[in-house]
Amino acid sequence: MRTLAREITEQVGQTVTVRGWIHKKRLLGGLTFINIRDRSGLVQATFENKDEVEKLRGLQIGTVLAVTGEVFEEPRAPGGAELRNPTLIVEVPVTEPPAIEIDKPIDHRPDSLDTLFEHRVLNIRNLQEQKIFKIRASLTRYIREFLHENEFVEIDTPKLLPGATEGGAEVFKLDYFGKTATLAQSPQFYKQIMVGAFERVYEIGHSYRAEPSATTRHLTELTMLDIEMGFVESHDEVLDMVADMTQAVLKRAYEEHGADLRSLNAPELKLPEDGKVPRFTINEIHEMYTKATNNDTTNEKDLTPDEERWIAEHARKKLGSDLVYAVDFPAVAGKFYHKFKDDGTVAWGDLLYRGLEIATVPLRENNYEKMIEQMRSAGLDVDDDGFKHYLQAFKYGLPQHGGCGFGVDRLVQKTIGLNNVKEATLFPRDINRLTP
RNA sequence: GGGCUCGUGGUGUAGAGGCCUAACAUGCCUCCCUGUCACGGAGGAGAUCGCCGGUUCGAAUCCGGUCGGGCCCGCCA
């Protein structure tokens, strides 16, 4: 029967067996301290018997042990209890010293990131590092729970596709039994198709972008939350749903992971008191930014990264919100499946979180004839096989709908305050890295 | 795709023409230490300074190339 590290305070006076990894050895002559790490945390064992300690000679951090001994209440021990004079069994000896020091905080400076990822297998055993990915796991769990409560159905769509029909980002091509296949750059078509069945759907999955972007916010394999909801009355309804979800998820993360977030030096969470995420049109932001900085951006079709940071700072300082929407992009920025408005804009909002775009939240065109028209004017061949099944969904009845593509890696990055999106990813893939 | 930067023991850094037979911290090895928790103390091993070429009496240091990182822009989540 195995006892977990966090449970031993309730087992004082009993003999228990703890199994885990050696996390730290401290030899003080007649007394030896060993910290054992398991999934629940650390527990300390003390040894006066030199023969027991001698079993560990030549064995390194990471050695897998079973330690059996009596639990004593001990205020000097971390956690208030410890195992005294236990017997230990080496289950998996480790003789090679780890290439990096796993019991110490890992340096996340940009120049060190390559080393960090090269040694990720060991680095992820660091307790501080593990917090990032436990928070990440919670964030996606909160998202799932929120969407489940709002009657969204989770779906999984193919990542292997016959061709690049969606347009926009560069795609990866690969051999598929003699044919050329591509990796999905998003679940765009499939989630829209699924609106025709379930009304409300979402997917948390990988998307692949072959963009040669070497920045702190790009991955070639990214985790996206894709949401699509049918029977919406307006673009506002979609914007509100995504804003409500994001706020609920962040509030919960700060409630349930407050201590972890503080220890990772995460920024304090600021959300609008009335629950309404501030919105500005692209033109408003261009004008405000141009006025404030004397950099004329009024002719840009999108926000520049500096504008994103500027409006985020404005929203945080003046409006008390880490979240802000940029809405009403110029029509030229839209794609063929977007809903265009009469005023020369497209019903599309970008959700910015602490200065970074984390989601695009557009309304879709749902009218079959209009779709055909918009595809033709985008220069697409509507008879292409890649569009056949997609257009079927429209032909056979698709209600007005909208949704979002939401960067999960970026959400984690910005929640914790990491400089690089790769730090929020277990095994990041970028233009230069395909391992581990 | 464009621009700017950085490569020194396992890891993180210092050194910026000769003081370098390359320094410091940490990790590793040996020994001492009964309340450590970044334990402490003594000693030891470990680097042809990314690679190739050039300048120079002399190159870790200057120049060119190359390979590998990082950051920014474009584009995007």
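All values below come from the heavy atoms of this structure, side chains included, with hydrogens, waters and symmetry mates left out. Chain letters run A, B, ... following the sequence lines, proteins first and then strands; every chain starts at 1.
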>> For the C1' atoms, the ones on B/U66 and on B/U21, what distance do you get once it is rounded to whole angstrom?
In response: 31 Å
Please tabulate, one pair per line, each protein N/O and nucleotide N/O from nucleotides 29-32 of chain B that are separated by under 3.5 Å, including the distance.
from	atom 1	to	atom 2	distance (Å)
B/C29	OP1	A/Gln60	NE2	3.2
B/U30	OP1	A/Arg57	NH1	3.0
B/C31	OP2	A/Arg57	NH1	3.4

Open item on the list: Work out how far the P atom of B/C49 is from that of B/G10, and round it to whole angstrom.
Closed with: 12 Å
Please determine if A/Asp409 and A/Lys414 form a salt bridge, counting it only when a charged side-chain N lies under 4.0 Å from a carboxylate O.
-> no
Self-check item: Short side-chain N/O contact from A/Lys24 to OP1 or OP2 of B/C39, under 4.0 Å
Solution: yes
By nearest-nucleotide position on RNA chain B, the 5'-leaning member of A/Pro75 and A/Pro98 is A/Pro98
Across every strand shown, the nucleotide meeting Watson-Crick or G-U wobble geometry with B/C4 (both distances under 3.5 Å) is B/G70
Checklist entry - Would you say A/Thr223 reaches B/A77's phosphate, i.e. side-chain N/O to OP1/OP2 under 4.0 Å? => result no
Sugar-phosphate only, base, or nothing, as touched by A/Leu219 at under 4.0 Å among non-hydrogen atoms: base
Exercise for the section: Tell me what A/Phe33 touches on the nucleic acid: a base, only sugar-phosphate, or nothing, going by heavy atoms under 4.0 Å. Expected result: base
Taking B/G35, B/G12, B/A77 as options, the one with an atom nearest any side-chain atom of A/Glu357 is B/A77
Query raised in the report: With sugar-phosphate meaning primed atoms plus P, OP1 and OP2, does A/Glu82 contact a base, only sugar-phosphate, or nothing at under 4.0 Å between heavy atoms?
Result: base
A/Glu48 CD to B/U34 P, in whole Å, measures 10 Å
By nearest-heavy-atom nucleotide on RNA chain B, the more 5' of A/Arg26 and A/Gly29 is A/Gly29
Original post:
So what does A/Leu222 touch, heavy atoms closer than 4.0 Å: a base, only the sugar-phosphate, or nothing?
Top reply: base
Of the candidates B/C76, B/G35, B/G10, the side chain of A/Glu308 sits closest to B/C76
In 5'-to-3' order, the base (B), backbone-only (S) or no-contact (-) status of each nucleotide in nucleotides 65-74 of chain B, using a 4.0 angstrom heavy-atom cut-off, is ----SSSBSB
Can you see whether A/Tyr337 has A/Arg364 sitting over its ring - NZ or CZ less than 6.0 Å from the centre and within 45° of the normal? no
With P as the reference atom in both, quote the distance from B/C67 to B/A25 in angstrom, rounded to an integer.
38 Å
